[in-house]
Amino acid sequence: MVRRALEEAVHEALKEMGLDLRLKVAKAPKDKPGDYGVPLFALAKELKKPPQAIAEELKGRLRLPPFVEEAIPVGGYLNFRLSTEALLKEALKERKPFPKREGLVLIEHTSVNPNKELHVGHLRNIALGDALARILAYAGREVLVLNYIDDTGRQAAETLFALRHYGLTWDGKEKYDHFAGRAYVRLHQDPEYERLQPAIEEVLHALERGELREEVNRILLAQMATMHALNAHYDLLVWESDIVRAGLLGKALELLEKSPHVFRPTEGKYAGALVMDASPFIPGLEDPYFVLVRSGGAATYYAKDIAFQFWKMGLLEGLRFRPYENPYYPGLRTSAPEGEAYTPKARETINVIDVRQSHPQALVRAALALVGHPELAQGAFHLAYETVLLEGKQMSGRKGLAVSVDEVLEEARKRALAIVEEKNPGHPNKEEAARMVALGAIRFAMVKTEPKKQIDFRYAEALSFEGDTGPYLQYAHARAHSILRKAEAWGSPDLAQATPYERELALALLDFEEAVLEAAEEKTPHVLAQYLLDLAAAWNAYYNAKEGDRPATPVLTAPPGLRELRLELVRSLKETLRTGLGLLGLPAPEVM
């Protein structure tokens, strides 16, 4: 990888100058000489030299990688020009996953309450979690994806109660999760809701005993049809009722109570409760005490989250798993009392939960440190994301104001079909193309933005074949495939015939591996999404380049040798786009 090799060379030269620093190498601006560069202004104070002099000295000390033609001091930068032949050879290499590394990464995402259909707010969670799992696996990590089923929560209890209370019978005309969701909304709009609480509590206790699992599973299976339509993948289902039966909470509390930071106050507002003092691990708290078990004996959700995290990272055992019967995921396993014992013992975990859960997630990390495992606390990552608006509107499932993922998929499919029919009336399979475009539009809209920023999903923008959209990337891939299909076969390229146009496209191809590794390290897919947009833009610029009134980069009609070079670049471009789209969970249609 070019950039990392340059960074290592700069690092070694700086060590000779007395600075053990790693500087980031980036693309050089188009109006400056060279292909990559490193800024040196930050070193001026420490080395007591002007940046230009530092650039000159650094150039003299550098042991340049063989693919670098020249190091060029430019003001306060040291830029690097790559050899065209080496650049082209690197750009034409086959894209392969990185070598495997030790250490399990466990990603928990989706984890939708099993009481109603998935709504548009869940889209971002699924798209982020699934894309990150794919990226990490490609980057060489062993990845396990977990979906948590809260079958003992109030939401599930209320839905099951409502179905019975109103005497509702499913007629099979709508998806079962939608049917169940309407019962849930009806209950919350019922003037008698408060009076019905004791009866709801009875259902809640039955769930905790694991007695209504099949009724919950019926809703879950309907939800999984949506997850499958979104092209999301899972390895494990963990049911909260199994966590309760395995006694993980009690085991976690035993571990926690060994710490001097966990105790039962005898007076004040926390008297009789089991509390955790988080101040050594979360500085600046106005009130550092957090209740794990209330004075009446009920555990808080903080305690439940901590117990589950302890299991994920191998501090607790007790869950058992068996194959999960379902029509969507053949290899999926589910927790079950009659299964085989399994504990992941993950060294790193990524919990994909919205930003409103940042505080509870900080307490989970504090608890890991509190029981003597600061290294596990460091490996527990919260991928926090902001909310999703749909056409400018905030969603609320309880108030019945949510739009379901199924509705969004269907609306996007209809709009995509109209676009495909307009652009390519002779398309051999319009329905399948529309499905792929719709899925690409929705998933890309969820991952292209940095997670900490809010998304306002709008159909017209997401489905556009221009701009920063999934269909724009899919169309770039289909255009490349069309050229290769027409070419059929070709011989060896002549690298010596490369023009500046080929050089520019090759430079864009060069950064794919860097983008994947950066997305994996930063744990955010938007880095890869932005790279793919830049790559597609470079491809469109190459495809549409003109010299005067004539095309500057014809592929199929180029002279021998140059034709083969251009075809090889198009092939590499197509494969890079296909791989990148796949890592974000987007289909790569060959005809659009």
Side-chain angles (χ1 to χ4, degrees), residues 104-108 111 146 148-154 208 236 238-320 335 341-351 353 356-382 384:
L104 176 67
V105 181
L106 188 152
I107 300 180
E108 181 192 334
S111 303
L146 183 151
Y148 183 84
I149 313 302
D150 184 6
D151 62 324
T152 67
R154 176 161 289 276
E208 288 169 353
L236 285 184
V238 177
W239 296 66
E240 185 165 295
S241 57
D242 291 326
I243 292 175
V244 172
R245 280 196 289 269
L248 291 191
L249 177 59
K251 295 174 185 177
L253 292 175
E254 282 180 28
L255 277 178
L256 288 163
E257 286 187 272
K258 292 176 182 176
S259 166
H261 300 289
V262 175
F263 52 91
R264 292 183 185 272
T266 55
E267 55 187 29
K269 67 176 180 177
Y270 296 116
L274 184 68
V275 300
M276 177 173 79
D277 177 5
S279 57
F281 311 101
I282 310 176
L285 291 170
E286 189 174 326
D287 183 350
Y289 291 175
F290 295 92
V291 176
L292 300 174
V293 181
R294 297 185 179 92
S295 55
T300 62
Y301 70 90
Y302 295 136
K304 294 176 183 177
D305 285 351
I306 290 167
F308 190 39
Q309 185 72 25
F310 282 7
W311 173 80
K312 288 178 181 179
M313 304 192 93
L315 300 184
L316 299 177
E317 296 182 346
L319 288 180
R320 308 177 78 85
S335 63
Y342 172 68
T343 306
K345 299 181 181 177
R347 297 300 87 189
E348 292 181 52
T349 61
I350 300 169
N351 294 334
I353 314 174
R356 292 168 292 187
Q357 295 298 311
S358 294
H359 191 59
Q361 288 296 301
L363 291 179
V364 166
R365 292 192 295 275
L368 286 164
L370 186 144
V371 296
H373 289 280
E375 79 288 356
L376 295 183
Q378 198 167 0
F381 182 79
H382 174 206

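Since we're looking at a predicted model, the values are computed, not measured.
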Roughly how far apart are [X] [atom1] and [Y] [atom2], rounded to 0.5 Å?
| X | Y | atom1 | atom2 | result |
| --- | --- | --- | --- | --- |
| S335 | R320 | OG | CZ | 12.0 Å |
| L315 | L248 | CG | CG | 11.5 Å |
| I306 | L249 | CD1 | CG | 9.5 Å |
| L363 | D305 | CG | CG | 9.0 Å |

Within a strict 4.5 Å, meaning less than it, do heavy atoms of the [X] and [Y] side chains meet?
| X | Y | result |
| --- | --- | --- |
| F290 | H359 | yes |
| T300 | V293 | no |
| V238 | D242 | no |

Minimum heavy-atom distance [X]-[Y], with the two atoms named:
| X | Y | value |
| --- | --- | --- |
| L104 | P344 | CD2-O, 3.4 Å |
| A271 | S295 | O-CB, 3.6 Å |
| L256 | V371 | CD2-CG1, 3.8 Å |
| P288 | S279 | CB-CB, 3.7 Å |
| A377 | A369 | CB-N, 4.0 Å |
| A346 | L376 | O-CD2, 4.4 Å |

So among K312, E108, H382, which one has a side-chain contact (heavy atoms from CB on, under 4.5 Å) with T349?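 Exactly one option meets the side-chain contact (heavy atoms from CB on, under 4.5 Å) with T349, and it is K312.
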Among D277, L255, L274, find the one that has a side-chain contact (heavy atoms from CB on, under 4.5 Å) with V262.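 Of all the options given, the one that passes is L274.
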Checking V105 against I350 for the side-chain contact (heavy atoms from CB on, under 4.5 Å) test, could you report, in this order, the C-alpha distance in whole Å, the side-chain angles of both residues, the deciding distance, and whether it holds? CA-CA 7 Å; V105 181; I350 300 169; 3.9 Å; yes
Around atom CD of Q378, are there more than 12 heavy atoms of other residues, nucleotides or ligands at under 6.0 Å?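 No, CD of Q378 has 12 or fewer neighbouring heavy atoms, counting only those of other groups under 6.0 Å.
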Just by modelled atom types, is the [Y] backbone N or O under 3.5 Å from a matching donor or acceptor in the [X] side chain?
| X | Y | answer |
| --- | --- | --- |
| D151 | W239 | no |
| T343 | K345 | no |
| T152 | E240 | no |
| S111 | Y148 | yes |
| H261 | L370 | no |
| R347 | M313 | yes |

Pairwise salt bridge (charged side-chain N to carboxylate O under 4.0 Å, His left out) hits with a residue in residues 356-373, at least two apart: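 Sorted result for residues 356-373: D354-R356.
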Name all pairs fulfilling the salt bridge (charged side-chain N to carboxylate O under 4.0 Å, His left out) condition that reach into residues 248-271, sequence neighbours left out, sorted by first residue then second.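 Output for this query lists K269-D287.
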Decide side chain to side chain donor-acceptor pair (under 3.5 Å) for Q309 and N351; before the verdict, give the C-alpha distance in whole Å, the side-chain angles of both, and the deciding distance to 0.1 Å. CA-CA 10 Å; Q309 185 72 25; N351 294 334; 3.3 Å; yes
Quick one: do Y270 and V291 satisfy side-chain contact (heavy atoms from CB on, under 4.5 Å)? Show the steps, please. CA-CA 8 Å; Y270 296 116; V291 176; 3.7 Å; yes
Ring geometry between Y342 and W311 (parallel below 30°, tilted from 30 to 60°, perpendicular above 60°):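 Because their plane-to-plane angle is over 60°, the rings of W311 and Y342 count as perpendicular.
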Establish, yes or no, whether a centroid distance under 6.0 Å links the rings of F263 and Y289.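 Yes, they do, as the ring centres are separated by less than 6.0 Å.
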